[in-house]
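What follows is a set of notes on a single structure, which appears directly below.
Letters go in sequence order (proteins before strands), and every chain restarts at 1.
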Protein chains: 2
Amino acid sequence: MRRAGGRRHTLRDIAAALNLSVNTVSRALSGKDGIGEKTRALVRAEAERVGYVPNSMARSLVTGSAMTFGLVITNPSNPFYAQLISSIELRAREHDYSLLLTVTDESAENEARAAESLLRSSVSGAIVVPVQAGADPWQRLGAVGVPTVLLNRDLPDLGYRFVGTDNELGGYRATAHAIACGARSIVVLEEDLPITTIADRIAGYRRAMTEAGLSMPRGSVMRVPTRRHDQAALPWQPQQAYQVARRMLRRARLPDAVVAGNDYFALGLYRALAEHGLKVPDDLMVIGFGDHPFSAFLSPSLTTVRLPAEEVGEIAADLLLEEIAGGRSARPLKQLIAPTLVERDSTARKR
Amino acid sequence: MRRAGGRRHTLRDIAAALNLSVNTVSRALSGKDGIGEKTRALVRAEAERVGYVPNSMARSLVTGSAMTFGLVITNPSNPFYAQLISSIELRAREHDYSLLLTVTDESAENEARAAESLLRSSVSGAIVVPVQAGADPWQRLGAVGVPTVLLNRDLPDLGYRFVGTDNELGGYRATAHAIACGARSIVVLEEDLPITTIADRIAGYRRAMTEAGLSMPRGSVMRVPTRRHDQAALPWQPQQAYQVARRMLRRARLPDAVVAGNDYFALGLYRALAEHGLKVPDDLMVIGFGDHPFSAFLSPSLTTVRLPAEEVGEIAADLLLEEIAGGRSARPLKQLIAPTLVERDSTARKR
DNA sequence: ATGAAAGCGCTAACAT
DNA sequence: ATGTTAGCGCTTTCAT
């Protein structure tokens with residue numbers, strides 16, 4: 001029966017079998033010097049034979065480091081975060097760290113628990129996408145000496161390292177592109193969460209409009225209600241965007257372009273427009289955000305802003321590794337990676 | 001400076017401050033009885049005051065359980081697995097377990113390392129989507145008494161508990177639906193990975209065809225090459241499916257329907273068909289697999305097979321919890337959850 | 001080159 | 001109700 005569970009072998013077992021001290025065995029296995037070559041070979045052979053696996057809790061208890069990254073994310077179903085998980089996990093693994101994952105689902109309470117849990121587990125460091133409902137939980141982590149890097153959303157009060165996407169630039173580029181394509185009146189479709197990423201995108205939109213001398217009448221920024229309290233679901237509902245888009249289409253004067261906060265909103269928009277008999281891009285241009293994998297294959301294919309997910313994840317991991325190593329890195333404290341505009345057919349207006 | 005890292009307080013600190021023994025403090029905090037109410041209050045107050053956080057490594061070392069689930073997944077960017085991560089993490093958290101996540105990216109070598117890593121970390125149990133390149137790594141886990149449940153892909157030799165989607169039924173339902181809609185000749189577009197989920201779907205397709213007395217000439221099952229070796233990327237490329245679909249469209253006789261192995265393949269198919277001037281569903285019906293969040297919003301909206309991701313995740317976690325608790329559960333050893341067909345416009349043929 | 005002793009922070013068993 | 005002792009499996013220091 002598998003339940004029989006052959007007890008795991010320990011250093012002591014090997015030591016006993018070989019008539020050596022635990023200490024000798026430990027050093028033989030951990031590759032330290034000051035050990036006879038034949039002894040080492042013997043120890044290794046015996047360890048191999050019994051299938052010895054070191055107990056990392058015991059080791060961590062004495063060394064003080066659990067060789068673990070804590071990763072705190074709001075929602076793995078968001079493709080951007082899914083990619084982040086992958087790239088951070090890979091980086092961690094390459095450096096022999098394990099990954100402890102916690103999902104907050106945009107809840108401040110979950111976040112507080114997550115921080116406490118990381119503390120208990122003595123993680124070597126943490127990478128955190130904060131809910132942005134206060135900095136306390138993460139302040140605490142830093143205070144007890146756990147290196148922490150903030151991902152995608154900053155908490156400036158803490159003075160921690162931060163890597164994220166330059167959302168302001170993303171919003172700017174999307175809007176500027178629409179303007180370059182001839183749009184004069186542009187509407188933004190955004191989530192209704194109180195987080196900086198969204199505020200930044202809107203700021204970028206405003207900057208582009210202002211620079212072009214275009215006006216932003218009331219109703220230029222439309223909010224799509226986002227149900228964020230079903231963990232394990234996509235954060236964005238095309239259906240919600242569809243509803244909001246329909247409301248927009250009842251207006252007397254339609255915009256020339258709509259800049260969506262994410263590609264799923266663009267999807268809802270597409271449907272509303274199609275039902276209304278409007279052609280993209282000729283009647284109205286659409287620009288998405290995120291370059292989700294389906295966007296290139298919509299018809300028309302969606303112009304969108306591609307996010308540097310892998311790069312952001314790698315940098316976050318590298319920053320953390322540096323902080324753990326204790327070396328002050330040459331990098332700037334705050335790093336914003338520029339997203340790139342991917343021009344496709346939804347803005348390719350035939351003149 | 002945050003690096004100052006105030007040393008963490010331990011039971012001993014609290015004991016010393018209160019002139020009690022470490023043991024008393026331990027029991028006061030862990031809610032055991034046999035302790036004076038005022039002492040307990042005192043201890044709690046002091047713990048609160050200094051911000052005491054228990055060291056779970058130390059605890060685990062003595063109790064033998066790390067209160068951790070190991071979750072081993074092939075690719076978090078696959079939306080099905082993203083949902084699985086969410087639902088398992090939630091279940092784990094509800095029961096005070098942490099989640100140690102490892103990504104294998106379909107590599108047998110990564111898988112072997114992952115298993116070893118779980119062993120080192122003394123996880124309380126593991127939930128594993130195996131690469132299906134051999135059962136050894138997971139055999140080992142069970143052998144040392146770590147409860148392990150297999151997710152989505154079984155390894156029957158091990159006799160472990162297993163929960164997954166009934167892919168055979170999914171393939172069957174998709175195909176049967178196409179037949180019910182009038183298709184006589186049906187092509188399958190599938191990944192080229194050697195895993196059971198895919199083989200099962202194809203088996204379901206064959207069953208439906210056979211039952212209906214339809215023939216499956218050579219070329220009925222087309223393989224889409226899947227580049228699986230970029231971690232942090234979507235496992236399926238619409239572009240690849242598009243290429244394969246174009247090849248199919250060069251045939252003398254076109255099928256009435258195409259059943260795709262996932263919705264992203266359907267996307268590539270849509271494009272190939274559109275370029276070829278074919279209308280979905282009138283010229284050709286399309287059925288997807290996975291019900292990805294965009295599928296309802298394609299035009300035409302995509303008929304597809306919805307996977308019970310959350311349910312599968314929850315069951316996996318529950319099975320693991322039961323095994324950890326040691327109770328033989330009343331559940332069957334192997335559990336296959338039925339997926340459901342979602343009928344939409346891509347098979348709604350007007351007659 | 002090897003061993004003995006001590007201790008990481010906690011809980012469990014056995015006192016008192 | 002509280003304290004004492006022992007020990008989880010490992011690494012670190014200090015002997016030999």
Side-chain angles (χ1 to χ4, degrees), chain A residues 5-44 46-47 50-68 96 119-124 144-145, chain B residues 5-44 46-47 50-68 96 119-124 144-145:
Chain A
R7 198 184 102 289
R8 269 171 60 170
H9 292 266
T10 69
L11 289 186
R12 187 150 53 130
D13 299 330
I14 300 179
L18 260 40
N19 246 310
L20 290 169
S21 79
V22 169
N23 186 331
T24 305
V25 175
S26 165
R27 278 168 6 213
L29 257 28
S30 55
K32 295 234 171 62
D33 54 338
I35 233 168
E37 270 318 313
K38 25 193 149 180
T39 318
R40 168 161 290 157
L42 266 168
V43 170
R44 286 202 171 133
E46 176 66 7
V50 301
Y52 171 74
V53 176
N55 181 327
S56 51
M57 291 181 316
R59 165 181 298 191
S60 301
L61 189 56
V62 26
T63 62
S65 157
M67 289 301 285
T68 300
D96 287 321
L119 240 25
R120 286 177 195 261
S121 320
S122 315
V123 294
S124 317
V144 297
Chain B
R7 199 183 102 289
R8 270 171 60 172
H9 292 266
T10 69
L11 289 187
R12 188 150 51 130
D13 299 330
I14 300 178
L18 262 39
N19 246 310
L20 290 169
S21 80
V22 170
N23 188 325
T24 305
V25 175
S26 167
R27 276 166 11 211
L29 290 174
S30 55
K32 297 234 170 60
D33 54 337
I35 229 158
E37 269 320 312
K38 26 193 148 175
T39 319
R40 169 162 289 159
L42 266 168
V43 171
R44 286 203 169 133
E46 176 66 6
V50 301
Y52 171 74
V53 176
N55 181 326
S56 50
M57 292 182 314
R59 165 182 298 191
S60 300
L61 190 56
V62 26
T63 62
S65 157
M67 290 301 283
T68 300
D96 286 321
L119 240 25
R120 287 177 193 262
S121 324
S122 314
V123 293
S124 317
V144 297

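Nucleotides of DNA chain D lying under 4.0 Å from heavy atoms of chain A occupy a range whose first and last members, 5' to 3', are D:dC8 to D:dT13.
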Side-chain polar contacts of residues 29-44 of chain B - donor-acceptor pairs under 3.5 angstrom, sequence neighbours left out - could you list them?
unit_1 : atom_1 : unit_2 : atom_2 : d
B:S30  : OG     : B:S26  : O      : 2.8
B:R40  : NE     : B:A28  : O      : 3.3
B:R40  : NH2    : B:K32  : O      : 2.1

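Annotation: side chain of B:L61 is in contact with side chain of A:N55 (closest heavy-atom distance under 4.5 Å).
Taking side-chain N and O atoms only, A:S21 has a distance below 4.0 Å to OP1 or OP2 of C:dG3.
Note that CE of A:M57 is 8.0 Å distant from OG of B:S65, once rounded to the nearest 0.5 Å. Of the inter-residue distances, the one linking A:D96 atom CG with A:M67 atom CE reads 5.5 Å to the nearest 0.5 angstrom.
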All N/O pairs under 3.5 Å across the protein-nucleotides 12-16 of chain C interface:
unit_1 : atom_1 : unit_2 : atom_2 : d
C:dA12 : OP2    : B:K32  : NZ     : 3.3
C:dA12 : N6     : B:N23  : ND2    : 2.4
C:dA13 : N6     : B:N23  : ND2    : 2.5

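The interatomic distance linking B:M67 (CE) with C:dC10 (P) rounds to 17 Å, in whole Å. Between A:L61 atom CG and C:dG7 atom P the separation is 14 Å, expressed in whole Å.
B:G36 comes within contact range of the sugar-phosphate backbone alone, with a heavy-atom separation under 4.0 Å but no base atom that close. A:T39 comes within 4.0 angstrom of the backbone, heavy atoms only, and of no base.
Side-chain atoms of A:T68 never come within 3.5 Å of backbone atoms of A:S124 as a donor-acceptor pair (strictly under, hydrogens ignored).
Here B:V53 pairs with A:L119, A:R120, A:R140, B:R8 under the side-chain contact (heavy atoms from CB on, under 4.5 Å) rule; sequence neighbours left out. A search for side-chain hydrogen bond (donor to acceptor under 3.5 Å, both in side chains) contacts involving A:R27 returns A:N23, not counting sequence neighbours.
Listed in residue order, the members of residues 11-20 of chain A having a heavy atom less than 4.0 Å from DNA chain D are A:L11, A:R12.
Residue B:S121 comes nearest to B:A66 through the heavy atom pair O-CB, 3.8 Å, listed as atom of the first residue, atom of the second, then distance.
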